[in-house]
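One structure is given below, encoded as structure tokens.
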Amino acid sequence: MELVTGATGYVGGKLIERLLAESRGVRAMARNPDLLEPREGVETMRGDVLSGEGVRAALDGCEVAYYLVHSMEAAGPGEDFSTRDRRAAENFASDAREAGVRRVVYLGGIAPAEAPPSPHLASRLEVERILLESAPQATALRASILIGAGSSSFRMLVRLVERLRLLPLPAWRTNRTQPIAERDAIEFLARTPAVAAAAGRSLDIAGPDVITYGAMVEQIAELMGVGRTPVSLGASLTPAASALVSAVTEQPLELVRPLMESLEHELLPRDASEAPLMYGIRSLPFDRAVERALARWEVAEKLGAR
Ligand SMILES: NC(=O)c1ccc[n+]([C@@H]2O[C@H](COP(=O)([O-])OP(=O)(O)OC[C@H]3O[C@@H](n4cnc5c(N)ncnc54)[C@H](OP(=O)(O)O)[C@@H]3O)[C@@H](O)[C@H]2O)c1
């Protein structure tokens, strides 16, 4: 049995589909399991990593447990997201140890090589450290932006292109990253329990293209078939830019701000060829990943600018 936490979320939901395609036994954990569509082959359980309620029972009898929990909800008084994320990961790690789970698999973010990580990335790295100690063969995968119709960071970029004719691009437009197609990130997660060389360590996963944030936005506009005029700005302007992005994309500032802070440095994999060689996965180029994501987006939702 394999436990998927964050089952109502973007990555967790996609992973469950992928595991079912291989007829793997799945237990889906959610704070509110009523939100999960009943599916053959999926056992659902209620669990909250922050309070710890239900987690130990959900882990019982699982060989593998995926930790795909993430919360940008406004923190209560005296608590920021890093305190909450640490508490949640510690609760889960201690229950996983007690339940004797062999493999814990986590997806976090790529760390900047030449600067301290943003508070959000630092917190994701702290969660990684806690989880790597939670099982004898834990694996942490680190990714930059996932290109998929349900990915909050990709959705923000698409909504900006959709809604703004003039695209203000602050100083971080020249920073580079290496996004990964949703299909490939999910494939890395699904295969991890069978990859012995990935046990007990973190690995960076990325697509084949190194691209600046500015070029990423411009290519998305081109692939959406809309003419947009980029306007280069001299400074990073993260607080003002976050407020603008939050208003334009109608996403909460608590979600947008940490993501925008992450753009202030290059986010490149430590070694882009290691994971693909280890897993035998050949990742999709950026443009094909975007085309697939936009096509899937339009099956479910309208895209105004197209
Ligand atoms: N999306 C990307 O581009 C991207 C890129 C790199 C890495 N990642 C990593 O992938 C992981 C999953 O991200 P995502 O994009 O799938 O996030 P998401 O869509 O926001 O999903 C987060 C999940 O966490 C659950 N959750 C929140 N608080 C919880 C709690 N106290 N107890 C149990 N479950 C709780 C949520 O459940 P509720 O429905 O109850 O709120 C939801 O199912 C994160 O570690 C993230 O850093 C994502």
Side-chain angles (χ1 to χ4, degrees), residues 3-17 28-37 44-56 58-59 65-76 79 81-92 95 104-111 117-118 120-128 130-131 139-158 177-186 188-189 202-207 216 251-252 254-256 258-259 262-263 267 269 289-290 293:
L3 179 71
V4 178
T5 64
T8 54
Y10 163 57
V11 177
K14 292 286 164 200
L15 178 66
I16 289 174
E17 282 172 27
M29 191 190 89
R31 289 189 285 190
N32 181 1
D34 296 343
L35 297 175
L36 295 168
E37 179 197 330
T44 60
M45 282 183 82
R46 186 180 301 275
D48 183 328
V49 288
L50 207 46
S51 67
E53 215 176 303
V55 179
R56 176 67 180 80
L59 284 161
Y66 286 95
Y67 190 87
L68 300 168
V69 169
H70 196 212
S71 178
M72 300 276 212
E73 289 159 15
E79 237 194 1
F81 62 80
S82 61
T83 315
R84 270 194 336 231
D85 279 355
R86 181 185 317 124
R87 181 147 53 90
E90 281 170 351
N91 285 340
F92 181 85
D95 284 344
V104 166
V105 183
Y106 168 64
L107 178 67
I110 285 184
S118 67
H120 172 240
L121 282 174
S123 164
R124 297 281 83 200
L125 289 168
E126 185 181 26
V127 168
E128 171 185 302
I130 295 165
L131 294 175
T139 300
L141 299 178
R142 297 181 183 175
S144 160
I145 296 179
L146 260 59
I147 307 297
S151 163
S152 47
S153 33
F154 178 70
R155 291 182 66 83
M156 238 153 52
L157 297 177
V158 171
T177 191
Q178 222 166 312
I180 182 165
E182 168 190 295
R183 182 199 77 169
D184 301 320
I186 299 299
F188 275 109
L189 284 166
S202 73
L203 271 169
D204 292 353
I205 56 170
M216 207 175 347
Q251 291 298 311
E254 307 89 60
L255 171 75
V256 173
L259 292 175
S262 309
L263 306 180
L267 294 178
V290 172

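Computation of the quantities below employed the complete heavy-atom set of this structure, encompassing side-chain atoms and omitting hydrogens, waters and symmetry-equivalent molecules. When a ligand or atom number is given, it counts from 1 through the structure's own listing order.
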Within the side chain of Arg155, is there an N or O that forms a donor-acceptor pair under 3.5 Å with the backbone of Ala149? yes
Tabulating one pair per line, provide the atom names and distances (0.1 Å) for every N/O atom of ligand 1 that is less than 3.5 Å from a protein N/O atom.
| unit_1 | atom_1 | unit_2 | atom_2 | d |
| --- | --- | --- | --- | --- |
| ligand 1 | 3 (O) | Leu146 | N | 3.1 |
| ligand 1 | 3 (O) | Ser151 | OG | 3.0 |
| ligand 1 | 3 (O) | Ser153 | OG | 3.0 |
| ligand 1 | 16 (O) | Tyr10 | N | 3.4 |
| ligand 1 | 16 (O) | Val11 | N | 2.9 |
| ligand 1 | 19 (O) | Tyr10 | N | 2.9 |
| ligand 1 | 24 (O) | His70 | N | 3.1 |
| ligand 1 | 24 (O) | His70 | O | 3.4 |
| ligand 1 | 31 (N) | Asp48 | OD1 | 2.9 |
| ligand 1 | 32 (N) | Val49 | N | 3.0 |
| ligand 1 | 37 (O) | Thr8 | OG1 | 3.1 |
| ligand 1 | 39 (O) | Thr8 | OG1 | 2.5 |
| ligand 1 | 40 (O) | Arg31 | NE | 2.8 |
| ligand 1 | 40 (O) | Arg31 | NH2 | 3.4 |
| ligand 1 | 41 (O) | Arg31 | NH2 | 2.7 |
| ligand 1 | 43 (O) | Gly6 | O | 3.3 |
| ligand 1 | 43 (O) | Thr8 | OG1 | 2.7 |
| ligand 1 | 43 (O) | Gly9 | N | 2.9 |
| ligand 1 | 45 (O) | Leu107 | O | 2.7 |
| ligand 1 | 45 (O) | Arg124 | NH1 | 2.5 |
| ligand 1 | 47 (O) | Arg124 | NH1 | 3.4 |

Would you tabulate the side-chain donor-acceptor contacts of residues 3-15 under 3.5 Å, counting partners in other chains and residues two or more places apart, or write 'none'?
| unit_1 | atom_1 | unit_2 | atom_2 | d |
| --- | --- | --- | --- | --- |
| Thr5 | OG1 | Tyr66 | O | 2.7 |
| Thr5 | OG1 | Leu68 | N | 3.0 |
| Tyr10 | OH | Glu182 | OE1 | 2.7 |

Closer than 4.0 angstrom, basic N to acidic O: yes or no for Glu53 and Arg46? no
CG of Leu121 to CG of Leu267, rounded to nearest 0.5 Å, is 6.0 Å
Within the side chain of Gln178, is there an N or O that forms a donor-acceptor pair under 3.5 Å with the backbone of Gly207? yes
Indicate yes or no for a side-chain donor-acceptor contact from Asn91 to the backbone of Leu50 under 3.5 Å, with no hydrogens or angles considered. yes
